Each structure stands twice: as structure tokens, then as C-alpha cells.
Amino acid sequence: MNKRWEAFHDSSDYRFTPYIMAGDPCEEATIELSLALEQCGAHALELGVPYSDPLADGPVIQRAGMRGLAQNMNLEKTVKLVSKLRERGLKIPVIIFTYYNLLLQLGENRFLKLAEDSGVDGVLVPDLPYEESGYLQKMCSDHNLALISLVSPTTREEKLVRLGSEAEGFLYCISSLGVTGIRNEFRAGLDDFLKAAKQNSRVPVLVGFGLSTREQIQQFDGSSDGFIVGSAIVKKIEELESDLLTNREEAIKTFKSYIESLLPVYSR
Amino acid sequence: MNKRWEAFHDSSDYRFTPYIMAGDPCEEATIELSLALEQCGAHALELGVPYSDPLADGPVIQRAGMRGLAQNMNLEKTVKLVSKLRERGLKIPVIIFTYYNLLLQLGENRFLKLAEDSGVDGVLVPDLPYEESGYLQKMCSDHNLALISLVSPTTREEKLVRLGSEAEGFLYCISSLGVTGIRNEFRAGLDDFLKAAKQNSRVPVLVGFGLSTREQIQQFDGSSDGFIVGSAIVKKIEELESDLLTNREEAIKTFKSYIESLLPVYSR
Amino acid sequence: GRYGVFGGKYVPETIMFALEELEAAFDEAIQDREFNELFQRELAIYSGRPTPLTKADRLSESNGGASIYLKREDLNHTGAHKINNAIGQALLAVRMGKKKIIAETGAGQHGVAAATVAAKYGLSCKVYMGKEDIRRQSLNVFRMKLLGAEVIEVTSGSQTLKDATNEAIREWVAAVEDTFYLIGSAVGPYPYPKMVKQFQQVIGYETESQFKEVQQGKLPDAVVACVGGGSNAIGMFAPFIEKDVPLYGVEAAGMGVETAQHAATLSKGSNGVIHGSLTKLLQTSEGQITEPYSISAGLDYPGIGPEHAYLHETKRVTYEAVTDEEALHALKLLCENEGILCALESAHAVAYSLKLAKNMRKDQQVVVCLSGRGDKDVHTLMDFEEGGNKDE
Amino acid sequence: GRYGVFGGKYVPETIMFALEELEAAFDEAIQDREFNELFQRELAIYSGRPTPLTKADRLSESNGGASIYLKREDLNHTGAHKINNAIGQALLAVRMGKKKIIAETGAGQHGVAAATVAAKYGLSCKVYMGKEDIRRQSLNVFRMKLLGAEVIEVTSGSQTLKDATNEAIREWVAAVEDTFYLIGSAVGPYPYPKMVKQFQQVIGYETESQFKEVQQGKLPDAVVACVGGGSNAIGMFAPFIEKDVPLYGVEAAGMGVETAQHAATLSKGSNGVIHGSLTKLLQTSEGQITEPYSISAGLDYPGIGPEHAYLHETKRVTYEAVTDEEALHALKLLCENEGILCALESAHAVAYSLKLAKNMRKDQQVVVCLSGRGDKDVHTLMDFEEGGNKDE
């Protein structure tokens with residue numbers, strides 16, 4: 001476990017982990033958005049990799065992926081982007097969010113080496129469930145990377161127990177069925193699920209999928225150790241697209257005030 | 001056998017029997033064309049009745065039928081037209097050429113009575129072969145009408161013998177397979193067929209289907225007792241349509257000279 | 001050659017010998033075990049017979065009353081019962097040494113069946129089709145050409161099936177010496193109605209034995225089939241005519257039998273001659289044959305097979321008429337409840353069987369002949385839904 | 001869950017439990033004699049099985065070499081082998097108490113099959129279809145709606161089959177608790193490839209026994225099937241894999257495997273994950289899945305069933321690619337010589353079997369799986385003939 005994860009684990013805040021898409025709308029914007037997020041109090045960062053077939057993602061992140069693809073962003077460049085983030089002073093853990101096919105094509109070993117060298121802290125593969133992840137799990141430990149596990153309200157109890165006891169970095173609790181995206185309501189029984197996850201997890205439990213307002217976020221404080229916001233932030237980036245390309249300073253300022261409006265008051 | 005048929009039978013000419021469509025292009029034209037044909041030497045006249053489904057006729061006579069239908073010509077009116085022809089002095093036998101369905105709808109008995117009363121001499125039903133004509137045959141004799149029989153090169157010999165021995169008016173020999181219409185060539189073996197027909201017929205043998213030039217007509221003199229011309233004449237009437245409606249005298253003149261150009265020199 | 005007063009051979013003398021030759025060849029062929037076995041084998045390994053008898057559980061339940069069984073002629077090769085007859089006549093043509101066939105077609109279904117068997121048995125094929133129908137049914141025209149047939153445009157009369165048939169007969173008269181005329185329905189001069197019945201009766205005989213198998217040897221309480229020319233119906237009825245089974249033929253009432261837009265030959269027609277046969281037909285009082293109308297291209301024929309005229313007159317079969325609207329409604333119900341898109345023709349039979357079943361007991365059974373599949377009708381259905389014209 | 005390295009369950013955690021539940025229910029069902037009998041009965045009385053094995057006499061003769069036999073999946077209800085699998089999965093859904101099914105579709109064939117079984121078994125049905133495909137296949141869209149299905153327009157990605165499948169999976173992830181995902185080919189996460197093979201192997205087993213019956217107990221000298229996702233091929237190959245019978249899978253070479261316009265996944269693809277399964281697929285060096293091309297809508301899939309990837313790697317099956325042009329030529333030959341208009345997909349298998357047969361002895365036999373009928377392709381064929389665009 002590296003220092004960045006230690007700091008993440010040791011924090012007593014309600015941990016904020018934003019998701020943004022690499023290369024959306026351009027590489028430099030991704031760097032500045034990442035730094036802005038850290039300045040706004042992010043405890044870790046998920047960096048998505050553009051993919052032609054993102055079957056766990058909703059329309060907002062699909063569109064972000066299309067923008068990233070248009071920039072020729074790919075897995076290798078995303079990993080290398082992390083070393084630039086480190087050069088620019090980013091201190092929080094960075095998790096690469098990539099579909100498995102991209103990993104396979106780059107080569108798992110090549111990816112792991114590159115990731116370790118670039119200051120990546122973890123990897124999250126939404127279409128690589130526990131049952132298929134044995135090899136990658138082992139290789140990640142060898143390279144000081146956390147393979148982030150996801151659990152869902154549909155995950156069976158015995159599996160939840162096992163995932164919790166083996167989890168690295170944080171345990172990603174999917175708040176609702178379906179793909180990523182903004183939601184107005186959450187399912188009944190979600191609290192029980194989060195409670196069970198917390199009980200069984202050796203790492204912080206973060207809730208994600210569908211959170212888009214301060215009110216929604218605050219409702220999970222107590223039942224979880226942190227939260228992930230993806231689509232809401234990516235949607236804001238989409239709104240700011242042209243400014244992020246041509247008038248970046250202004251855009252980053254707007255972005256930061258949006259992030260501040262989103263976060264629970266006490267987590268800043 | 002009435003007087004008109006007697007004259008027809010007694011003639012030593014190569015007998016000319018034209019076909020025209022009743023009501024084409026109008027009733028008065030039909031009357032004047034009939035009289036003109038007699039003046040040109042016709043020995044008998046076939047008067048067609050317009051029908052929606054003339055399956056023994058080629059395109060020329062189909063079109064004439066459409067024109068007749070547009071004039072609301074029908075079987076009953078065609079028969080009554082014959083009494084007008086008689087009033088206007090027509091002396092030659094008149095044969096009503098009608099599809100069987102028209103007869104059925106008017107009623108066979110009603111038709112026969114009307115035909116007899118109107119000075120009709122015969123009836124030809126192209127879709128009523130010998131095998132189906134027993135009743136009509138009997139009724140025709142009762143009403144002094146000749147039911148004209150057709151024989152074809154495909155008619156079996158024993159049937160030819162029977163048809164010839166029972167024939168009334170004349171025996172219609174189909175020169176070629178297919179529907180009515182102008183032809184450039186006739187089938188091989190046609191002479192043998194005509195010879196057989198002549199040998200077996202108790203009435204004059206007329207050849208028809210496809211004759212359109214003087215040369216064609218002359219070629220059958222000797223092997224037959226007369227000839228029928230339909231499509232060629234009907235086509236000429238089609239050409240003269242507008243004149244026949246508006247400038248009839250001129251049109252009839254042209255028509256007569258066409259007929260004269262068609263006939264064998266010696267038959268006039 | 002007669003069914004009561006109906007039937008006969010009202011054709012030009014030129015083709016009389018061909019009808020005699022055909023009748024002799026046909027009578028001889030059906031006495032020949034080898035020919036019959038060949039025919040049955042071709043039906044089985046080429047067209048996929050026997051077609052199943054499917055119980056329409058959900059449709060019956062939602063309708064109430066008797067259970068409805070569907071005889072699945074839609075599962076034949078080329079999608080309808082037409083192929084049974086086309087195979088039979090083509091085998092007969094081959095047996096007679098004919099190398100050329102001609103056929104008439106309306107919407108193109110029989111044309112496709114004829115072109116199909118011509119390709120299979122190596123015969124040349126000319127299909128006569130009205131200009132108007134060629135325009136409306138360009139897909140079927142293309143299919144016939146793919147199959148190697150020549151499609152002859154008929155510009156006479158109203159340029160539809162009636163005229164295409166006239167033209168095919170004209171061509172037959174001209175080429176009768178080496179040409180086999182493959183008629184598509186139980187119409188035309190004798191022996192065609194007899195022959196078509198013979199080749200289609202496999203529908204009825206299969207149905208009888210399949211029904212007896214699932215119903216412990218009992219016979220259906222009613223048998224229903226649509227009637228245009230009437231080939232699927234006569235084939236379906238064949239084994240039941242002599243038995244105590246109520247039979248129903250369903251004609252197309254189009255916009256309603258009280259309008260001029262229908263094809264209800266038996267309900268509204270009178271005796272007359274069409275295409276070589278004395279039968280009932282739609283005509284004016286003067287005997288001009290009128291153009292029928294139905295949303296279903298296979299039912300808008302102004303005549304009907306002469307045996308149906310006879311079965312109607314003797315009241316052995318009850319003939320009813322069903323409107324476009326009723327047929328469309330039945331088509332949708334069958335689709336939604338059974339997952340079967342039937343031909344618009346067959347939908348008329350389905351519509352009437354629903355009415356019939358409703359007034360029967362739950363332990364009774366109605367068998368309907370599903371004469372064909374509805375893929376060919378999807379354009380028509382779409383246009384109808386959109387309230388558009390019937391032409392594309 | 002593996003075929004060598006291929007297969008697996010590369011899906012979000014949310015649906016892992018559903019795959020386990022499905023596998024358990026499936027394994028239990030296929031051990032249950034009643035379920036199997038029900039499945040076989042539905043295939044027989046609803047879809048018309050067994051489909052015949054037709055000897056293509058004239059085609060074989062004009063081609064020379066070995067005789068060609070056609071397994072007639074085109075005679076199934078809805079016109080292709082797709083219904084076998086749809087019936088099987090729908091019966092399983094009913095057994096599992098699911099009331100909703102979802103399905104993906106490209107040209108609409110599987111969508112129609114899914115909508116059909118949904119109607120038949122009283123299930124609600126949503127079909128995911130790319131916006132581009134909806135535009136191109138309006139007739140099939142209309143048919144699905146007639147059958148009571150809801151057609152969901154997919155506007156993501158390239159708006160075709162690949163994206164429709166992504167979207168169906170997304171919907172499944174959201175509605176997994178009460179929804180059965182009815183996959184249309186031998187692809188997707190385990191147990192789908194196993195399940196689809198199980199429901200399609202009736203093709204191969206029927207073929208084996210029909211062939212043995214006409215050939216005195218011998219096995220075919222070659223068996224050929226087209227491969228898109230590969231369900232008809234895996235079903236056809238099933239009984240022969242363990243026997244000494246040469247097997248050939250035929251992919252779509254489109255404009256040629258040397259161009260970018262093809263769907264030859266095994267010839268030109270590399271290992272990767274698509275729609276939940278590790279297999280061969282067409283992709284960039286960076287792992288972006290590319291859009292394949294074939295004139296046949298059922299073959300232009302960038303992946304392939306994982307068992308085919310395995311059979312390819314172990315060389316048990318020989319996979320070859322056939323171009324648009326070769327397929328069209330074979331389609332026409334089959335039409336003209338046998339009166340059978342096959343699907344463009346199947347035409348690829350026919351094209352390769354002609355090449356193969358030519359180099360075999362006259363006393364040898366090649367069996368081809370005719371996976372579907374070509375009625376659906378007539379528009380495409382017309383446009384191709386006219387040199388027009390592929391879209392309308």
C-alpha cells in the first residue's frame with residue numbers, strides 16, 4: 001500500500017472521489033480539471049479511458065468517451081497522463097477506469113509496468129468481475145496497484161464478504177442497478193446493503209452511480225466512507241467544453257464553483 | 001336454312017366474310033360499315049359484341065371491344081342493330097360473334113328469340129366448344145339460326161369429321177394457333193388441314209385468323225371456300241375512328257377502297 | 001367435367017385437345033403409385049411437409065368458446081399452400097414431356113411458386129402479370145426474375161389478375177403444342193379444378209390425421225378456409241366433404257358486401273363463365289365481368305372455383321364474407337397472441353373462425369387453414385396503418 | 001465457462017448473479033425430460049420441425065463434383081434457424097418465472113424471432129435496435145411492433161448491432177431482477193454460448209439422422225455453415241465435432257479480406273472481449289472495436305461465438321471467408337437451379353460449398369446449412385443489381 005492510499009485511508013473526511021474522462025475535451029483540460037478537483041478537496045481521482053463499447057456507462061459518459069476518442073486518447077496515453085499529473089503536483093490516488101478489452105490489447109503486463117512507473121495507484125475494470133480477475137488481481141499486487149472491486153445490491157452475501165475481505169484501495173458500492181448516470185431516486189434497501197458492505201470491508205466503502213446533488217451525497221454520509229461522482233461532473237465538463245478548449249482559466253473557475261456547490265459542506 | 005344462307009351456299013365466289021365490332025366507334029358507323037362491306041362484295045358479316053374479357057381475341061379486337069363498351073354497346077343492342085341493318089337493306093347473312101357469358105346473362109332463350117326476330121342468321125361463340133354446345137345447338141336449329149363451328153389445326157380427326165358433318169352456315173377453319181390478329185406467316189401443314197376440313201364439311205369451309213393481305217387471301221383460294229378477315233379490317237376502322245365519328249362519308253369512302261385493295265380481284 | 005351445373009370447358013377449340021391430353025395424363029398419373037410417391041416425396045423433402053397443426057392457445061383463450069387450431073400452410077417453401085399445386089402440376093408437365101410452363105399471377109405469389117418449380121425441374125417459365133400488379137409488387141417481380149422466369153407485362157383490360165389470366169390463356173392457345181399451363185387456383189376449365197384439388201388435398205388429409213391424433217380420433221367441430229379462387233379451401237375441405245363436419249368458406253367482403261368494393265363472389269355474384277369455367281362471378285347485368293376489391297391480393301378474383309359454386313348451391317359448405325377491417329383485426333390478434341403473421345388472405349379465415357368459436361362450447365374445436373404467411377403483406381399493412389394508399 | 005482461453009463472463013458485477021441463476025436454471029432444465037419434450041414439441045408443432053434435408057440435384061450437377069444437400073432452416077417459422085433458440089430461451093424464461101424479455105437485433109431477424117416467442121408465450125418484449133438499422137429495416141420494425149414488441153432506438157456508437165447489444169446489456173443491468181435477456185447468437189457471457197448451442201443443435205442432430213437415412217448410415221464428407229455470431233454453425237456442427245467429419249465455417253469477406261470492408265473475424269481479428277465474452281474480434285491495435293461490413297446483415301458482427309474461436313484455434317473446424325460477390329453469385333445459382341431463394345448469410349455457405357464440392361468426388365456429399373430464407377434480402381439484392389446504395 002503506497003503513501004497516497006495511506007493518506008486516503010487515514011482521512012476522516014467523507015471521501016470525495018470524482019470521475020473524469022481522459023482527453024475530454026483535451027489532454028491539457030484533463031490535467032487542469034484533475035488539479036482543480038484536488039484543490040476542491042477530492043480524496044482520489046478516477047480517470048476514465050475512452051472506449052468504443054462502454055457497456056457499463058450511461059449516455060453522459062458515452063459522449064465523453066466519444067470526445068476522448070476524437071482526441072485519440074487511449075489507455076497508454078491515459079496512463080502516461082498520470083505521470084504528467086504527478087509532475088504538475090497531483091498528490092491524491094489516481095485510479096484508471098478502463099474496460100478489459102483495452103487492457104488486453106495493450107497487454108496486461110505492459111500496462112501494469114507502465115502504470116506503476118507513472119504513479120497510478122489503482123485500476124478499475126467494470127467488465128471484469130471478481131470471477132474473471134484472478135490473474136490481474138495477483139499482478140496488481142505485484143505492481144503496487146489496487147484492483148478496485150465493485151459490489152452491487154445484487155451481489156450475494158457470501159461474495160460480498162469475500163470481496164470486502166480482499167478489497168484494495170476502496171470498495172466501490174453500486175448504489176443502483178443499471179449503468180452510470182444521474183438518478184433522481186435510489187432503491188429501497190440501499191442502506192442495508194451499504195451497512196453490510198461496511199461491516200465486511202477492510203477498506204473504505206464508497207458509494208457511486210447516480211449521485212448528482214449535495215442532498216443525495218449527504219444522505220449516504222454515515223452509511224458509507226465516501227462517494228463517487230461521475231456523470232454529474234462529466235456533464236458539467238460537457239457544458240464547459242468550448243470554454244475548456246479556448247478560455248480554460250475561466251472554465252476551470254466555473255468548474256470549481258460547481259464542484260463546491262456539490263460537495264457536502266463538512267467535507268471541504 | 002333461310003334464304004340468306006342459301007344464297008351464301010350457292011355462291012361460286014371465293015366467299016368474303018368480314019368481322020367488325022358492334023358500336024366501334026358508334027352504332028351508326030357500324031351500320032354504314034356493314035352496308036359498305038356488302039357493297040364491296042361481302043358474302044356474310046360477323047358482328048362482334050364488346051366484352052370485358054375477350055380471351056380468344058388479340059389486341060386489335062380487344063381495343064375495338066373497349067371502344068364498343070365505351071358506347072354502351074351490348075349483346076341485346078347488337079342483336080337489335082341487325083334489324084336496323086335489315087331495315088337499311090342489308091341482305092347477306094349476319095352472324096353474331098359473342099362470348100358465352102354475354103349469352104348466359106341475356107338468357108339463351110331470350111337471345112335466340114330476339115335474334116330470330118331481328119334477322120340474325122347465325123351465332124358464333126368462340127369459347128363454347130362443341131363439347132359444351134349441345135343445348136345451344138339444338139335451340140339454334142329451333143330458331144333458324146346457324147351455330148357456327150370452329151375447327152383448328154389441333155382438332156382431332158374424328159372430331160373434325162363430326163363437326164364437318166353437323167356444321168351449319170359455314171365451317172370456320174382457324175388458320176393458326178393463338179388469338180385473332182394479323183400474322184405474317186402461316187403454319188406448315190395448313191393446306192392438309194383445310195383439305196381435310198373441306199372433305200368432311202357439308203357446308204362451305206372458310207379460313208380465318210391472321211389474314212390481312214390480298215396475297216395471303218389468294219393463297220387459300222382453292223383449299224377453302226371463303227375467308228374471314230377481322231383484325232385487319234378492325235384496325236383500319238381504328239385508324240378511321242375520328243373520321244367515322246365526324247366525317248363519316250369520307251371515312252366510308254376510304255374504308256371501301258381499303259377493302260377493295262384487300263380482296264382477291266376475282267372475288268369482287 | 002361438371003360440379004352440378006358448374007365447371008365445364010369453355011375454351012377455344014384450339015386448346016380442347018390439350019385439355020383432353022392433360023386430363024388423360026393426369027388421370028393416368030394419379031393412378032400411378034410411382035408418381036404419387038414422387039409427389040409426396042417432393043412435398044416432404046422440398047417443401048417441408050407435413051406442415052404442423054398448431055393449437056392457438058392464447059388466441060382461443062382470449063377469444064372464448066371453442067379452441068382454434070391452425071393448419072400451418074404458411075410454413076411451406078415460398079410461404080403458402082400454392083407450392084403444393086405448383087409441384088404437382090410441374091411434375092405432371094415433366095411427365096408429359098413439356099419443357100415450357102406458363103402461369104398467371106396477381107400479387108405474384110403463384111408466379112413465384114411457378115417460377116420456383118420451373119427452376120427446380122429445369123423448365124422454362126413465362127409468368128403473365130398485369131402492368132398495375134407489376135408496379136405494386138415489384139419485389140415479387142424481382143424474385144421471379146431471380147428464379148429465371150420471364151415476367152410478361154399485361155396491358156389489356158384492367159391490367160390485373162383477371163387480365164393476366166386472359167393473357168396466359170391467349171398465350172396457351174398460341175403455344176399449346178409444347179406448353180403446359182400451370183393454373184394457380186382451383187379455377188379454369190376442367191380438368192384444372194379437379195387437378196388443383198387433387199394436389200391441394202394433402203392439406204385436408206394431413207389435417208384430419210393430425211387432428212385425430214391430438215383429439216383421440218374425433219373430427220373437428222368446424223373447418224374454416226378463405227376462398228379467392230378457392231384452392232386452399234378445396235384442398236382443406238376435400239376429406240371432410242363426405243363426413244359430418246361443418247365447413248366454412250370465407251370470402252373477402254372488402255369495404256362491405258353492400259358496397260361495390262368487395263370480392264364476395266358467392267354472396268353477390270351470379271352464374272357465368274370466366275376463364276373457361278361456368279361458375280359464380282361478379283359481373284354487370286349485361287355480363288361484363290367487374291373488377292373485385294379486397295385488401296388481400298389473393299382474394300380479389302371476380303370468379304371462384306366451380307366446385308365451390310356447387311358446394312354453395314348444395315349448401316354443403318357455408319360461405320361467409322369478412323371485411324378488410326375484420327381481417328386486419330384478426331391478423332393483429334393472431335400476431336399478438338400467437339406470434340404468427342399470417343397472410344391477409346388467411347386472416348379472413350381467422351376472423352371468421354373467431355366469430356364462430358365464440359359461439360361454440362369450450363370443449364369444441366375449430367380448425368382454420370392458415371394458407372400463407374404475411375411477410376408479403378407488410379407493406380400493405382404499413383400503408384393501411386398510415387392511412388396511405390394501397391399501392392406501395 | 002471456457003472454450004480453451006475463450007468464453008468467460010466479462011460483465012458488470014450487477015448481472016453476475018443473473019448469469020449464475022440462469023446457468024443453474026438452464027442446467028436443471030436440460031436435465032428435465034419434461035422441459036426437453038416441451039421444447040421438441042414446440043419446435044415441431046409451432047415451427048414445423050424437422051426441417052427437411054433437400055438434395056440439390058440440378059445445382060450439384062451444374063457445379064460438378066460432390067453432391068450438395070441443403071439443411072432447410074429457411075423453412076422454420078419466421079424464416080430462419082433463429083426461432084429454435086428463441087423458443088428455447090423463451091421456454092426457459094417462462095420456467096424461471098420471468099415475464100419480461102429483452103433482445104438485441106441488427107437487421108431485425110432475431111428481433112422478430114424474440115417478438116414472436118414473446119407473443120406466443122405471453123411475455124412483454126423490448127427489442128434494442130440501432131437507429132441506422134431501424135431506418136434500413138423498417139419492415140422488420142413494423143413486424144416487431146405488430147407482434148406487440150417495443151422497439152427501442154439505439155443512438156449510441158455506430159447505431160448498429162454492436163451498439164444495440166451494448167444497450168440491451170445496459171438495460172439488462174438495470175432491470176436484471178425481473179428480466180430475461182434473450183441473446184440471438186452463440187455469443188455473450190457464459191452460459192449463453194452453451195445455451196444457444198444446446199437450443200440450436202437440433203439442426204445438426206436432425207441433419208445427421210436424415211443424412212444417414214438417405215445414405216445408408218454414412219456420414220457427410222463435409223459440413224458447411226456460415227458464421228456471423230455463429231449460432232447456426234455451432235448447432236449444425238454439434239453432433240459432428242466429435243466425429244470424423246470435415247467441418248467448414250464461412251465468414252463474410254465483404255469487399256475482400258484485404259480491404260477494410262469485411263466481417264472476417266477469425267481470418268483477420270485478434271483476441272479480445274466483446275459483449276461479455278473473450279473471443280476473436282475486429283478491433284484497432286488499441287482495442288477499439290471496429291465496425292465490420294458485409295452485404296449480409298446477419299454476418300456483419302465484429303465478434304464471434306467463443307466456441308468458434310476455440311474450434312478455429314484447435315483447427316477442428318476450417319474457417320474460410322467468402323466475398324459479397326461470391327455470395328451473390330451463389331444465391332443466384334441456387335435460385336435458378338433449385339428454386340430456393342436463400343438468405344444472403346446462407347449464400348456464403350452455399351458459395352463455399354460449391355468451391356469445395358467441385359474438388360471432391362462424385363460419390364461424395366457436402367451438407368450445407370441453409371440458415372434462412374432470402375425474402376428479407378430482396379431489397380438489398382434489387383439495390384445491388386441496380387448498383388444503388390445499400391440503404392433502401
Side-chain angles (χ1 to χ4, degrees), chain C residues 42-58 70 72 74-79 83 86-87 90 112-113 115-122 138-140 142-143 145-149 210 214 331-332 334-341 373-376 378-379 381-382 385, chain D residues 42-58 70 72 74-79 83 86-87 90 112-113 115-122 138-140 142-143 145-149 210 214 331-332 334-341 373-376 378-379 381-382 385:
Chain C
E42 294 293 270
L43 288 179
I45 67 165
Y46 184 62
S47 189
R49 300 203 75 91
T51 59
L53 183 68
T54 305
K55 189 167 177 221
D57 285 317
R58 297 187 67 235
L70 312 166
R72 301 290 304 283
D74 61 309
L75 293 177
N76 274 301
H77 181 50
T78 69
I83 196 79
I87 290 174
V112 168
T116 294
V117 295
K120 167 133 182 91
Y121 301 113
S138 58
L139 288 185
N140 272 341
F142 183 80
R143 285 176 66 177
K145 288 180 183 168
L146 261 186
L147 289 158
Q210 289 166 331
V214 292
L331 181 143
K332 284 187 201 168
L334 183 65
C335 239
E336 287 166 11
N337 286 288
E338 301 296 334
I340 297 172
L341 173 58
R373 66 183 183 227
D375 302 46
K376 68 181 179 63
V378 173
H379 267 128
L381 296 170
M382 280 174 85
E385 291 286 296
Chain D
E42 294 292 270
L43 288 179
I45 67 166
Y46 184 61
S47 188
R49 301 205 73 93
T51 58
L53 183 67
T54 305
K55 191 169 176 218
D57 285 316
R58 297 186 67 236
L70 311 167
R72 302 289 304 282
D74 60 308
L75 292 177
N76 273 300
H77 181 50
T78 69
I83 196 78
I87 291 174
V112 168
T116 295
V117 295
K120 166 134 183 88
Y121 300 113
S138 58
L139 288 184
N140 272 341
F142 183 80
R143 286 175 67 177
K145 289 179 182 168
L146 261 186
L147 290 158
Q210 289 166 329
V214 292
L331 182 143
K332 285 187 199 165
L334 183 65
C335 239
E336 287 165 12
N337 285 287
E338 301 295 335
I340 298 172
L341 173 58
R373 66 184 183 226
D375 303 44
K376 68 181 180 63
V378 173
H379 266 127
L381 296 170
M382 280 173 86
E385 291 286 297

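Keep in mind the model is a prediction, meaning the values are calculated, not measured. Lettering follows sequence order; numbering is per chain, from 1.
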Enquirer: For Ile340(C), is it the side chain, the backbone, both or neither that has a heavy atom under 4.5 Å from a heavy atom of chain D?
Expert: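 For Ile340(C), backbone and side chain are both near chain D.
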
Enquirer: Against chain D, label Leu75(C) side chain, backbone, both or neither, depending on which of its atoms sit under 4.5 Å from a heavy atom there.
Expert: both

Enquirer: Under a 4.5 Å cutoff for heavy-atom pairs, which residue among Glu338(C), His77(C), Arg143(C) has the most contacts with chain D?
Expert: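 Maximum pair count with chain D is reached by His77(C).
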
Enquirer: So how far is it from Glu385(C) CD to Lys145(D) NZ, rounded to the nearest 0.5 Å?
Expert: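 Answer for the CD-NZ pair, Glu385(C) versus Lys145(D), is 10.5 Å.
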
Enquirer: Picking from Leu381(D), Asp74(D), Leu334(D), what satisfies side-chain contact (heavy atoms from CB on, under 4.5 Å) with Leu341(D)?
Expert: Leu381(D)

Enquirer: Counting only heavy atoms closer than 4.5 Å, note whether Phe142(C) contacts chain D via side chain, backbone, both or neither.
Expert: side chain

Enquirer: Return the minimal non-hydrogen interatomic distance between Ala149(D) and Ala115(D), and the atom names on each side.
Expert: CB-CB, 3.7 Å

Enquirer: Quick check on the interface: out of Leu53(D), Thr54(D), Asn76(D), who has the most heavy-atom pairs with chain C under 4.5 Å?
Expert: Thr54(D)

Enquirer: Any idea which heavy atoms bring Tyr46(D) and Gly339(C) closest together, and the distance?
Expert: OH-O, 3.0 Å

Enquirer: When heavy-atom pairs shorter than 4.5 Å are enumerated against chain D, which of Gly122(C), Gly374(C), Gly148(C), Ser47(C) gives the highest number?
Expert: Gly122(C)

Enquirer: Nearest 0.5 Å please: distance from the CG atom of Leu146(D) over to the NZ atom of Lys332(C).
Expert: 7.0 Å

Enquirer: With a 4.5 angstrom heavy-atom cut-off, could you sort out which part of Arg373(C) is near chain D: side chain, backbone, both or neither?
Expert: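 When you check distances to chain D, only side chain atoms of Arg373(C) fall under 4.5 Å.
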
Enquirer: Select one option (side chain, backbone, both, neither) describing which atoms of Asn337(C) are under 4.5 Å from chain D's heavy atoms.
Expert: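 Answer is backbone: N, CA, C or O of Asn337(C) sit under 4.5 Å from chain D.
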
Enquirer: Chain C: which of Asp375(D), Val117(D), Leu331(D), Leu70(D) shares the most heavy-atom pairs with it under 4.5 Å?
Expert: Asp375(D)

Enquirer: Looking only at heavy atoms, what is the nearest atom pair of Glu336(D) and Ala119(C), with distance?
Expert: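 That closest heavy-atom pairing would be O-CB, 3.3 Å.
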
